[in-house]
Enquirer: 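After the structure tokens below, expect a handful of questions from me.
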Amino acid sequence: MATYTLKAGDTLYSLARNHGLSLDQLLTINPGLDPNHYSVGQQIKVPGADIGKPTHQTPASTITQSAPPPSGGSPWFEIAKREMEHGVKEIAGKVNNPRIVEYHQATSLKASNDETPWCSAFTNWCMQQAGIKGTNNARAASWLNWGQKLDSPREGCVVVVKTSRSHHVCFYHSDAGDRIQGLGGNQSDQVKLSRYKKSTVVAYRWPA
């Protein structure tokens, strides 16, 4: 194990990928590392690398992983809930939350700020962390034909909602009468639970 000094433009997601790791694996070997707050010049542990020099030679299978959480068949949903528990949200002003910037790296848009709409980026990132291929697209509507259709929702499924301007995507959490409760990113500028009228739901999707 060696150390790596964070440089301008680094994200934990890209650093983990460069070392053949998932983000969760990188956090496992760096107890106490806050994925929402890190800075240039900070040193973190990485496998088999000189300081400041990433390597692709250490396979992810050699890193000790924490036991996967009970998921009821939807590990991506457990990951989403954990992000909500971390309190991920946009930072007002010119400062960007690096965790949200990491979400953006899971789409082809790869936005570099926390103000670009990020509900689809969050959904893609959660799927990616669970080892499932998402849409790689920053548009919420890209989930309309992803995976397989569900006639009725199940916990953790992808929900696409029609909004006044376009679409929004989140994960199904629970029933709330004439509304569904969804867990998603970019909901009031954070990862949280929000309610949506069932009449606005245009798709329930599940990995193929």
Side-chain angles (χ1 to χ4, degrees), residues 13 16 22-25 27-28 35-36 60 65-90 99-100 102-109 116-208:
Y13 172 79
S22 69
L23 181 58
D24 282 344
Q25 289 172 328
L27 294 175
T28 296
N36 291 309
Q65 301 185 51
S66 56
S71 63
S74 53
W76 60 88
F77 187 50
E78 297 300 321
I79 291 169
K81 288 192 287 187
R82 188 177 61 214
E83 294 301 292
M84 180 173 65
E85 292 169 359
H86 286 331
V88 180
K89 61 183 179 180
E90 295 179 20
R99 188 63 153 185
I100 296 176
E102 288 186 10
Y103 297 157
H104 281 305
Q105 306 319 299
T107 76
S108 58
L109 182 62
T116 297
W118 49 279
C119 64
S120 182
F122 176 73
T123 307
N124 270 288
W125 183 88
C126 290
M127 289 294 181
Q128 187 178 72
Q129 294 301 303
I132 295 172
K133 185 177 181 180
T135 66
N136 192 39
N137 193 305
R139 295 176 61 249
S142 68
W143 294 90
L144 284 169
N145 297 307
W146 170 86
Q148 58 183 316
K149 177 184 176 181
L150 294 179
D151 292 327
S152 58
R154 59 182 290 189
E155 185 181 73
C157 74
V158 171
V159 182
V160 183
V161 177
K162 187 73 174 68
T163 67
S164 59
R165 294 183 177 180
S166 184
H167 294 84
H168 176 71
V169 64
C170 60
F171 298 113
Y172 182 85
H173 181 275
S174 55
D175 185 274
D178 64 342
R179 300 170 185 264
I180 62 104
Q181 189 155 243
L183 194 171
N186 202 26
Q187 296 184 170
S188 299
D189 299 334
Q190 59 188 301
V191 178
K192 66 183 289 288
L193 293 173
S194 296
R195 293 187 175 188
Y196 301 96
K197 291 183 178 180
K198 291 179 179 177
S199 60
T200 66
V201 174
V202 291
Y204 295 117
R205 310 295 297 188
W206 191 261

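What you see below is based on every heavy atom in this structure, not just the backbone, and it leaves out hydrogens, waters and symmetry mates.
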Enquirer: Donor-acceptor pair, distance only, cut-off 3.5 Å: does the side chain of Thr163 make one with the backbone of His168?
Expert: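 No, the answer is negative, given that no donor and acceptor are paired below the 3.5 Å cut-off.
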
Enquirer: Does Gly147 offer a backbone N or O that forms a donor-acceptor pair with the side chain of Arg205 under 3.5 Å?
Expert: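 Indeed, once roles are kept as given, a pair shorter than 3.5 Å links the two residues.
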
Enquirer: Ignoring hydrogens, what is the shortest heavy-atom contact between Ile79 and Cys126? Give both atom names and the distance.
Expert: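 Heavy-atom minimum between the residues: CD1-O, 3.9 Å.
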
Enquirer: Grab the two heavy atoms, one from Pro75 and one from Ala130, that are nearest each other, plus how far apart they are.
Expert: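 Reported closest heavy-atom pair: CG-CB, 4.1 Å.
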
Enquirer: Mark yes or no for whether Ser108, through its side chain, and Asn136, through its backbone, hold a donor-acceptor pair below 3.5 Å.
Expert: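 Yes, Ser108 side chain to Asn136 backbone: donor-acceptor pair under 3.5 Å.
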
Enquirer: If the test is ring pair (Phe, Tyr, Trp, His ring centres under 6.0 Å), which one of Trp125, Tyr172, Phe122, Trp206 qualifies with Trp76?
Expert: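 Exactly one option meets the ring pair (Phe, Tyr, Trp, His ring centres under 6.0 Å) with Trp76, and it is Trp206.
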
Enquirer: With distance as the sole test, does Gln190 use its side chain to make a donor-acceptor pair with the main-chain N or O of Glu90 at under 3.5 Å?
Expert: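 Such a contact is absent between Gln190 side chain and Glu90 backbone.
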
Enquirer: Taking only Lys NZ, Arg NE, NH1 and NH2, and the carboxylate oxygens of Asp or Glu, determine whether Glu85 and Arg82 approach each other closer than 4.0 Å.
Expert: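 Salt bridge absent between Glu85 and Arg82.
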
Enquirer: Can you tell me how far apart NE2 (His173) and CG (Leu183) are? Round to the nearest 0.5 Å.
Expert: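 The NE2 atom of His173 sits 6.5 Å away from the CG atom of Leu183.
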
Enquirer: Do side-chain atoms of Lys198 reach the backbone of Gly177 as a donor and acceptor pair under 3.5 angstrom?
Expert: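 Yes: the side chain of Lys198 pairs with the backbone of Gly177.
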
Enquirer: Is the side chain of Gln187 donor-acceptor paired with the backbone N or O of Lys192 at a distance under 3.5 Å, no angle test?
Expert: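 Here the side-chain-to-backbone pair exists.
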
Enquirer: Looking at every non-hydrogen atom in both residues, tell me the closest pair between Ser152 and Tyr204 and how far apart they are.
Expert: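 Looking at all heavy atoms of both residues, the closest pair is C-CD1, 4.2 Å.
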
Enquirer: Using 0.5 Å steps for rounding, measure from the CZ atom of Arg99 to the CH2 atom of Trp118.
Expert: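 If we round to the nearest 0.5 Å, Arg99:CZ and Trp118:CH2 are 11.0 Å apart.
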
Enquirer: Please answer whether the main-chain N or O of Cys119 pairs with a side-chain N or O of Thr123 as donor and acceptor at a distance below 3.5 Å.
Expert: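 Yes, Thr123 side chain to Cys119 backbone: donor-acceptor pair under 3.5 Å.
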
Enquirer: At what distance, to the nearest 0.5 angstrom, does OG of Ser142 lie from CG of Asn124?
Expert: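 One finds 6.5 Å between OG of Ser142 and CG of Asn124.
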
